[in-house]
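Working notes for the structure below.
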Amino acid sequence: MASRAIKAVRGMHDLLPGPAAHRRLLEERIVSVLEQYGYREIRFPMVERSEVFAGMGMTSDVVHKQMYAFEDRGGTRLSLRPEGTAGCVRAGIEHGLYQGGEVQRLWYLGAMFRHERPQQGRLRQFDQIGIEAYGSAAPGMDAEILLLGSRVWRELGIPAPTLDLNTLGTPADRQRYGAALAAYFREHAERLPELDRERLDRNPLRLLDSKEPVTVELCRAAPAVTSSLSAQARAHFDTLCELLRHSGVAFNVNPRLVRGLDYYTGTVFEWSLPGLGAQNAICAGGRYDQLVESMGGPAVPAIGFAIGIDRLTGLLEERQAPPDHPHVYLVACGDGTESAGLVLAEELRARLERLRLVAHCGGGKLKRQLRAADRSGAEYALILGERELAEDTIGLKHLRQDLPQETLPQAELPARLEQLIPAPVP
Ligand code: HAM
């Protein structure tokens, strides 16, 4: 009986060879920039106890509506992580990373899960590279993180994204601002669409993010955050802007920028690329000076951001050829050649670290093996027949160029391949 093939879950995509190699290249290039700034990798599980994410705010859509939450067989409430910050904080507290007083700079990379409505650029499983810096409340730390982000975009060679910057002020400022917004929108509550009326009750700041035309129009006359800022918050933000101007980082102060997660205090920011369509934010973050303490750790200030890798991949694909096809395909044809071929392949891999060599397994006619060599995308076929085996030589066929086949002693092969295989671009 024929069974229907099973498909991937909606909003969760496969990355096939080619695109997967692009992705790795992209990740490696970003990570090398993070390491230049002293960030160190941390890995933590994709699944956490659900209460870990409570700190992200019960009023945020991510927690309220989008979390993949379930009970495991032992009856424990667990969630697939919708983002990395909360898990990073949990792990750091558990292992005492935030004791001691020195600044911790951490990065992580991996899959996040949100049960959103899938569309272009919005997935249910997506990858983020995140950075988090703990232990400094200085505006210089905010500036460094924004400089780091700007360097990432330059290193990737993508069009310069727009940086929107705002401050939500101290927690008290934020509360004051929330109250001011709520008072304003309550006066117009009857004009608000249902979803936004709900937001008004849960978290009035989120109304500034609304895409509903009526709400967008009402937002124009809504009070700006600047009116609720304390002198301390204003001074922090002014210093940050000054540092950025001095370092040549372009930015727009956007007093309407609020973030979807509740843990932010102070600086918030978002980089977006207009060409990407509706989901055009490629990186976002901000300060969350109270989260560590509220999750049971010491009172350490923190700031970070996360890059949405899936949204960047398309941009890079247009620019780079996939670097994952084999350089060489080894063909072995005739008595005793298969086992000798496997040994030769091992020797070559040991001698030439960067060589990508696929050995034909399972024998077959020379013509068929050469067809497989061609289809593999390799540049060269190495041919080991009975004659070559007897004479300790090897045939080298250029698969992509019209050049005569070479025959050379096996001992000279590593040096010849060294000449032929391009060194990786640093
Ligand atoms: P976020 O704004 O929720 O922040 O996500 C950061 C980035 O992840 C977004 O700008 C976007 O590029 C990407 N992203 C988010 N949701 C999706 C999705 N459904 N599909 C594809 N890409 C998506 C955070 O997650 C915070 N943890 C950032 C942070 C770190 N703040 C402080 N530290």
Side-chain angles (χ1 to χ4, degrees), residues 9-13 15 23 26 30 34 39 42 44 48 52-53 55-57 60-68 80-92 104-134 141-142 145-146 148-149 152-153 158 161-164 166 168 206 209 257-273 276-292 295 300-315:
V9 175
R10 199 160 108 85
M12 302 197 181
H13 289 183
L15 260 188
R23 177 66 66 93
L26 173 62
I30 295 174
L34 307 184
Y39 281 78
I42 180 167
F44 42 86
E48 296 275 357
V52 166
F53 302 110
M56 290 163 46
S60 71
D61 284 348
V62 175
V63 177
H64 194 68
K65 296 195 200 135
Q66 296 166 358
M67 209 131 80
Y68 281 90
L80 298 187
R81 61 183 184 192
E83 57 105 59
T85 309
C88 189
V89 169
R90 195 272 310 140
Q104 286 283 354
R105 289 175 170 84
L106 307 173
W107 69 264
Y108 51 84
L109 153 66
M112 309 292 160
F113 303 85
R114 296 184 192 176
H115 196 272
E116 301 191 74
R117 199 167 50 79
Q119 54 173 268
Q120 166 100 34
R122 194 201 272 161
L123 303 167
R124 288 181 172 174
Q125 177 180 329
F126 58 97
D127 286 335
Q128 285 186 342
I129 293 186
I131 66 168
E132 313 290 353
Y134 298 92
M141 179 54 86
D142 307 25
I145 279 204
L146 295 169
L148 185 164
V152 169
W153 317 133
I158 61 169
T162 309
L163 172 61
D164 274 18
N166 193 19
L168 302 175
R206 300 290 299 151
D209 256 358
L257 177 71
V258 286
R259 304 269 302 114
L261 304 162
D262 284 357
Y263 50 58
Y264 292 111
T265 52
T267 311
V268 287
F269 55 88
E270 195 166 280
W271 270 285
S272 54
L273 267 171
L276 282 186
Q279 304 302 321
N280 63 8
I282 54 168
C283 177
R287 272 206 169 271
Y288 50 100
D289 288 345
Q290 299 206 313
L291 184 64
V292 180
M295 287 179 68
V300 286
I303 181 168
F305 68 54
I307 303 173
I309 300 295
D310 303 83
R311 294 184 188 172
L312 284 182
T313 310
L315 295 171

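For ligands, and for the atoms within them, numbers begin at 1 and follow the listed sequence.
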query: With sequence neighbours left out, what residues match Gln66 under side chain to side chain contact (heavy atoms under 4.5 Å, CB included)?
result: Asp61, Val62, Arg114, Glu116
message: At less than 4.0 angstrom from any atom of ligand 1, which residues have a non-hydrogen atom? List them by chain and residue number.
response: Glu83, Thr85, Arg114, Glu116, Gly121, Arg122, Leu123, Phe126, Gln128, Glu132, Arg259, Leu261, Tyr263, Tyr264, Ala281, Ile282, Cys283, Ala284, Gly285, Gly286, Tyr288, Gly304, Phe305, Ala306, Gly308, Arg311
Residues in side chain to side chain donor-acceptor pair (under 3.5 Å) contact with Glu83, at least two apart in sequence or another chain: Thr85, Tyr263
- prompt: Between Tyr288 and Tyr134, do the side chains contain an N or O donor and an N or O acceptor separated by less than 3.5 Å?
  reply: yes
- prompt: Does Arg311 reach the main-chain N or O of Gly121 with its side chain, forming a donor-acceptor pair under 3.5 Å?
  reply: yes
query: Which residues pass the salt bridge (Lys or Arg N to Asp or Glu O under 4.0 Å) test with Arg287, sequence neighbours left out?
result: Asp142, Asp289
task: Please determine which of Ile145, Asp164, Asn166 meets the side-chain contact (heavy atoms from CB on, under 4.5 Å) test together with Phe269.
output: Ile145
